[in-house]
Amino acid sequence: MRSSIVFYLNGKRQEVSGDLAFLTVSDYLRYERGLTGTKVVCAEGDCGACTVLVSRMIQGRLGPYHSINSCIAYVYSLDRAHLITVEGLKKDGQLHPVQAAMVEKQGSQCGYCTPGFVCSMALLAEDALSKGFTPDEKKVRNYTTGNLCRCTGYAPILEAGVSMDLGRVTKLSELHRDEVVLSELSLVPHESIRIKGVGKEVFLPVTLSEALAERASDPAIRLSAGTTDLGVVSNKGRLQLNRVLSLQQIEELHRVERTPHFVRIGARVSLHQLERELTQEFPEFSSLLRIFASPQIKNSATLVGNLMNASPIADTIPFLRVADAVVILSSPAGERRVGVNEFILPGYKKMDLNANELVTAIELPLTSDEFKLYKASNRKDLDISAVTFAARYRLEDGVFREFSLALGGVGPSVLRFGKIEKEVIGKPLTRALFQGLSQSIRNEITPISDVRGSAEYRHRLAANLLLRFHDELSGEVSV
Ligand SMILES: Cc1cc2nc3c(=O)[nH]c(=O)nc-3n(C[C@H](O)[C@H](O)[C@H](O)COP(=O)(O)OP(=O)(O)OC[C@H]3O[C@@H](n4cnc5c(N)ncnc54)[C@H](O)[C@@H]3O)c2cc1C
Ligand code: FES
Ligand code: FES
């Protein structure tokens with residue numbers, strides 16, 4: 001058992017134990033390493049000023065680099081990783097081509113957002129080189145969805161991204177000689193880690209059985225996955241992360257497995273990985289994930305974390321409910337499989353979870369039924385939903401043989417609508433049917449008013465999304 005973590009920072013070895021392991025990565029960089037290029041503006045994952053690039057060692061290899069928000073990531077999560085910050089992008093004292101392009105196109109004024117944009121676009125350059133594409137404006141927009149600029153305006157930044165000289169880009173793996181980093185990280189034993197600070201403790205087991213024993217011995221311990229929810233509430237001072245059980249080091253939880261009947265998604269699989277993995281079996285869900293948060297968030301966030309945070313407006317839960325997903329729960333007593341519709345209990349954030357259990361995976365049963373998933377939010381990108389809609393259906397000769405409906409943002413939890421489902425099955429697809437349903441749904445929901453919309457707005461959205469569903473299926477509007 002180790003009591004410290006080891007990682008590389010811009011090619012230099014770091015060994016961290018005690019209180020420093022509990023710092024956010026951005027605080028560690030700025031206050032412990034003097035790397036003040038990484039900025040903190042919102043401290044809640046929204047603006048991207050704190051973006052850094054990470055490659056993690058898994059199964060003896062350093063994986064591809066991805067971007068994360070360092071303001072809501074913790075140092076303890078970096079064991080056996082290589083972290084590159086904006087300071088680490090220069091080669092032989094020369095600016096990275098994206099930095100040079102930002103200077104040339106005047107993509108910076110106050111400069112607070114600039115290092116974050118630079119890191120996101122350096123990742124774009126990396127992917128462009130390894131996957132063989134040319135960054136166009138759409139790509140630049142996609143890679144910088146999680147970066148906000150409040151003063152320059154986006155046009156010069158987009159121009160910088162499009163015009164950077166790819167021919168001069170050095171791959172991230174060559175900037176700090178990743179083969180050396182890997183050979184040194186390989187010497188760090190892959191064993192469980194327990195770190196204690198003043199009034200704090202984190203346990204990072206490498207096996208599930210150790211995780212289960214820890215959870216059973218301390219039911220109040222806080223499970224942590226990508227910390228995109230936990231980091232925000234902790235930064236806002238609404239939660240003390242004093243006793244943490246991190247599932248980061250358990251390799252089996254990072255897997256997506258397939259059988260002829262279902263896809264099994266491990267508790268540590270990131271949403272970004274899932275977006276790419278599910279294009280064949282669940283294309284509609286994969287498309288929904290495209291507009292989930294930002295690349296930085298999706299690179300850390302997990303499906304299990306989204307379910308367990310249990311927000312009534314969580315984007316994935318309506319899909320999980322109509323897909324009849326199965327939640328796999330483990331405790332020292334063994335495994336329990338519960339359908340997600342039984343797992344989610346009536347009321348706000350209530351679930352059928354025992355104190356000694358944790359979720360190890362979610363299974364999605366394979367089906368030939370179709371899905372329609374809508375996220376209604378004020379902005380398309382990086383916004384929290386006002387209402388979410390998921391329908392699963394099968395039409396045979398214009399008649400519904402299957403129909404399941406779930407909505408988020410209309411009550412204390414994401415809801416299924418059994419009465420409406422029964423009304424639809426066996427009926428032909430007609431506007432009159434859905435016009436009727438759009439009236440009756442209003443009596444079944446109890447939305448609240450908040451900053452994202454009034455209760456009346458949500459009533460109308462729910463009704464209109466049902467009509468949109470009809471109109472798309474009948475071809476009355478194009479998708
Ligand atoms: C800027 C920003 C944008 C966001 N955008 C969206 C969005 O568009 N749509 C959306 O739905 N959400 C969004 N979120 C919320 C968040 O990213 C998601 O809920 C995410 O899926 C949480 O996953 P995580 O791995 O980070 O969970 P964590 O923060 O690590 O954990 C979340 C909860 O799950 C529990 N938990 C984690 N793993 C387990 C386990 N194995 N067993 C039992 N309990 C467990 C934790 O204890 C905690 O209570 C956003 C968040 C931020 C900061
Ligand atoms: S400081 Fe805004 S996302 Fe981290
Ligand atoms: S340059 Fe000031 S916020 Fe972007």
Side-chain angles (χ1 to χ4, degrees), residues 24-26 38-52 68-74 77 102 106-117 145-154 156-157 208 211 215 221-235 239 241 244-248 250 253 266-271 274 288-289 291-294 296-319 327-330 349 351 353 357-362 375 377 379 381-385 388 408-409 414:
T24 59
V25 173
S26 53
T38 299
K39 306 293 184 221
V40 175
V41 178
C42 68
E44 45 185 82
D46 262 317
C47 75
C50 63
T51 304
V52 294
I68 62 166
N69 296 117
S70 61
C71 68
I72 50 172
Y74 293 92
S77 71
M102 283 289 267
Q106 302 185 353
S108 178
Q109 285 188 45
C110 79
Y112 261 86
C113 69
T114 311
F117 272 101
T145 303
N147 296 88
L148 299 184
C149 175
R150 291 165 178 85
C151 53
T152 300
Y154 293 97
I157 298 173
L208 185 56
R215 171 77 159 155
I221 200 164
R222 179 56 75 163
L223 281 154
S224 105
T227 67
T228 61
D229 279 314
L230 289 177
V232 174
V233 275
S234 165
N235 282 355
L239 174 76
L241 290 172
V244 174
L245 171 54
S246 166
L247 307 176
Q248 171 71 33
I250 306 176
L253 300 185
R268 278 298 295 139
V269 173
S270 75
L271 290 175
L274 213 53
L288 179 84
L289 291 178
I291 49 164
F292 186 111
S294 64
Q296 291 93 320
I297 294 290
K298 278 185 288 189
N299 284 326
S300 298
T302 58
L303 183 65
V304 168
N306 199 235
L307 173 69
M308 298 310 289
N309 189 50
S311 163
I313 41 156
D315 281 339
T316 70
I317 298 180
F319 166 72
V327 184
I328 314 296
L329 299 147
S330 292
K349 297 202 174 204
M351 287 167 281
L353 177 77
E357 286 179 325
L358 57 86
V359 180
T360 50
I362 293 176
K375 166 173 175 153
S377 52
R379 288 187 318 183
D381 288 316
L382 192 45
D383 202 3
I384 294 174
S385 307
T388 48
V414 174

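Both counts, for ligands and for their atoms, begin at 1 and track the order of listing.
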For atom 28 (P) of ligand 1, the protein heavy atom that lies nearest, with its residue and separation
T227 N, 3.6 Å
I'd like the name of whichever of L223, T388, D315 reaches closest to atom 7 (C) of ligand 1 through any heavy atom.
D315
Is atom 2 (Fe) of ligand 3 less than 2.8 Å from at least one N/O/S atom of C149?
no
What one should report as the nearest heavy-atom pair of P156 and G107 is CB-CA, 4.0 Å
Among G305, A361, A73, G408, which one puts a heavy atom closest to atom 33 (C) of ligand 1?
G305
Contact region, L230 to ligand 1, non-hydrogen atoms below 4.0 Å, reads both
Taking both backbone and side-chain atoms of D229, is any N or O found less than 3.5 Å from an N or O belonging to ligand 1?
yes
Between ligand 1 and R268, is the shortest N or O to N or O distance under 3.5 Å?
no
Side chain, backbone, both or neither: V232 near ligand 1, heavy atoms under 4.0 Å:
side chain
Within C110, is some N, O or S atom less than 2.8 Å away from atom 2 (Fe) of ligand 3?
yes
Nearest protein heavy-atom contact for atom 5 (N) of ligand 1: which residue, which atom, what distance?
A293 CB, 3.2 Å
Please list, in number order, the atoms of ligand 3 under 4.0 Å from a heavy atom of C151.
1 (S), 2 (Fe), 3 (S)
Out of T228, V233, D229, which residue meets the side chain to side chain contact (heavy atoms under 4.5 Å, CB included) rule with I72?
T228
Under 4.0 Å from a heavy atom of A314: which atoms of ligand 1 are those, numbered in the order shown and with their elements?
11 (O)
Closest non-hydrogen contact found for C71 with S26 is CA-OG, 3.3 Å
If we only look closer than 2.8 Å, how many protein N, O or S atoms does atom 4 (Fe) of ligand 2 have near it?
2
Give yes if a backbone or side-chain nitrogen or oxygen of A301 is under 3.5 Å from a nitrogen or oxygen of ligand 1, and no if not.
no
Smallest separation among heavy atoms of G111 and P115, with atom names:
O-CD, 3.2 Å
Do the side chains of R215 and S330 get nearer than 4.5 Å, heavy atoms only?
no
Atoms in ligand 1 with a heavy atom of G45 nearer than 4.0 Å:
1 (C)
Pick from I328, I221, L329, L208: which one makes a side chain to side chain contact (heavy atoms under 4.5 Å, CB included) with L358?
L208
So do the side chains of N147 and Q296 get within less than 4.5 Å of each other, counting heavy atoms only?
yes
Out of all atoms in ligand 1, which are within 4.0 Å of some heavy atom of A225? Include the element for each.
25 (O), 30 (O), 37 (C), 38 (N)
Any N or O of F292 closer than 3.5 Å to N or O of ligand 1
no
Answer whether the closest heavy-atom distance between the side chains of Y74 and T24 falls below 4.5 Å.
yes
Heavy-atom pair with the smallest gap, counting every atom of V414 and A314
CG2-O, 4.5 Å
D383 and ligand 1 - part of the residue with a heavy-atom distance under 4.0 Å
backbone
For atom 51 (C) of ligand 1, which protein heavy atom lies nearest, and how many Å away is it?
T228 O, 4.1 Å
Any heavy atom of K375 sitting closer than 4.0 Å to ligand 1?
yes
Min heavy-atom dist L247 to ligand 1 below 4.0 Å:
yes
Note, L307 side chain near T316 side chain (heavy atom, < 4.5 Å):
no
Region of I297 that comes within reach of ligand 1 [heavy atoms, distance under 4.0 Å]
side chain
Check: L230 and L223 side chains under 4.5 Å, non-hydrogen atoms
no
Those atoms of ligand 1 less than 4.0 Å from some heavy atom in V304
39 (C), 40 (C), 41 (N)
For atom 3 (S) of ligand 3, what is the nearest protein heavy atom, given as residue, atom name and distance?
R150 N, 3.1 Å
Minimum heavy-atom distance G48-T51, with the two atoms named:
O-OG1, 2.6 Å
Given M308, E44, R222, which one has a non-hydrogen atom that is nearest to atom 44 (N) of ligand 1?
M308
Look at the side chain of K375 and the backbone N and O of D383, then say whether any donor-acceptor pair between them is shorter than 3.5 Å.
yes
Provide the number and element of each atom of ligand 3 under 4.0 Å from a heavy atom of G111.
1 (S), 2 (Fe)
May I ask you to list the atoms of ligand 3 that are less than 4.0 angstrom from any heavy atom of T152?
1 (S)
Any idea which atoms of ligand 3 are less than 4.0 Å away from a heavy-atom of C113?
1 (S), 3 (S), 4 (Fe)
With rounding to the nearest 0.5 Å, note down the distance linking SG in C50 to CD in E44.
11.0 Å
Of T302, I384, V233, the one whose closest heavy atom lies nearest atom 25 (O) of ligand 1 is T302
Check this for me - ligand 1, S224, N or O atoms closer than 3.5 angstrom, yes or no?
no
Quick one, T360 and I250 - any side-chain contact, counting heavy atoms below 4.5 Å?
no
Should I313 be counted as touching ligand 1, given the test is an N or O pair under 3.5 Å?
no
Do R268 and V304 come within less than 4.5 Å of each other through their side chains, counting heavy atoms only?
no
Among L241, V244, L245, find the one that has a side chain to side chain contact (heavy atoms under 4.5 Å, CB included) with S224.
V244
Of all heavy-atom pairs between I313 and S385, which one has the smallest distance, and what is that distance?
CG2-O, 3.5 Å
Judged by modelled atom types alone, do Q248 and S77 share a side-chain donor-acceptor pair under 3.5 Å?
no
Check the surroundings of atom OH in Y154: do more than 12 heavy atoms from other residues, nucleotides or ligands lie under 6.0 Å from it?
yes
With heavy-atom distances below 4.5 Å as the criterion, would you say the side chains of R150 and V41 are in contact?
yes
Here the atoms of ligand 1 under 4.0 Å from any heavy atom belonging to V359 are 40 (C), 41 (N), 42 (N), 43 (C)
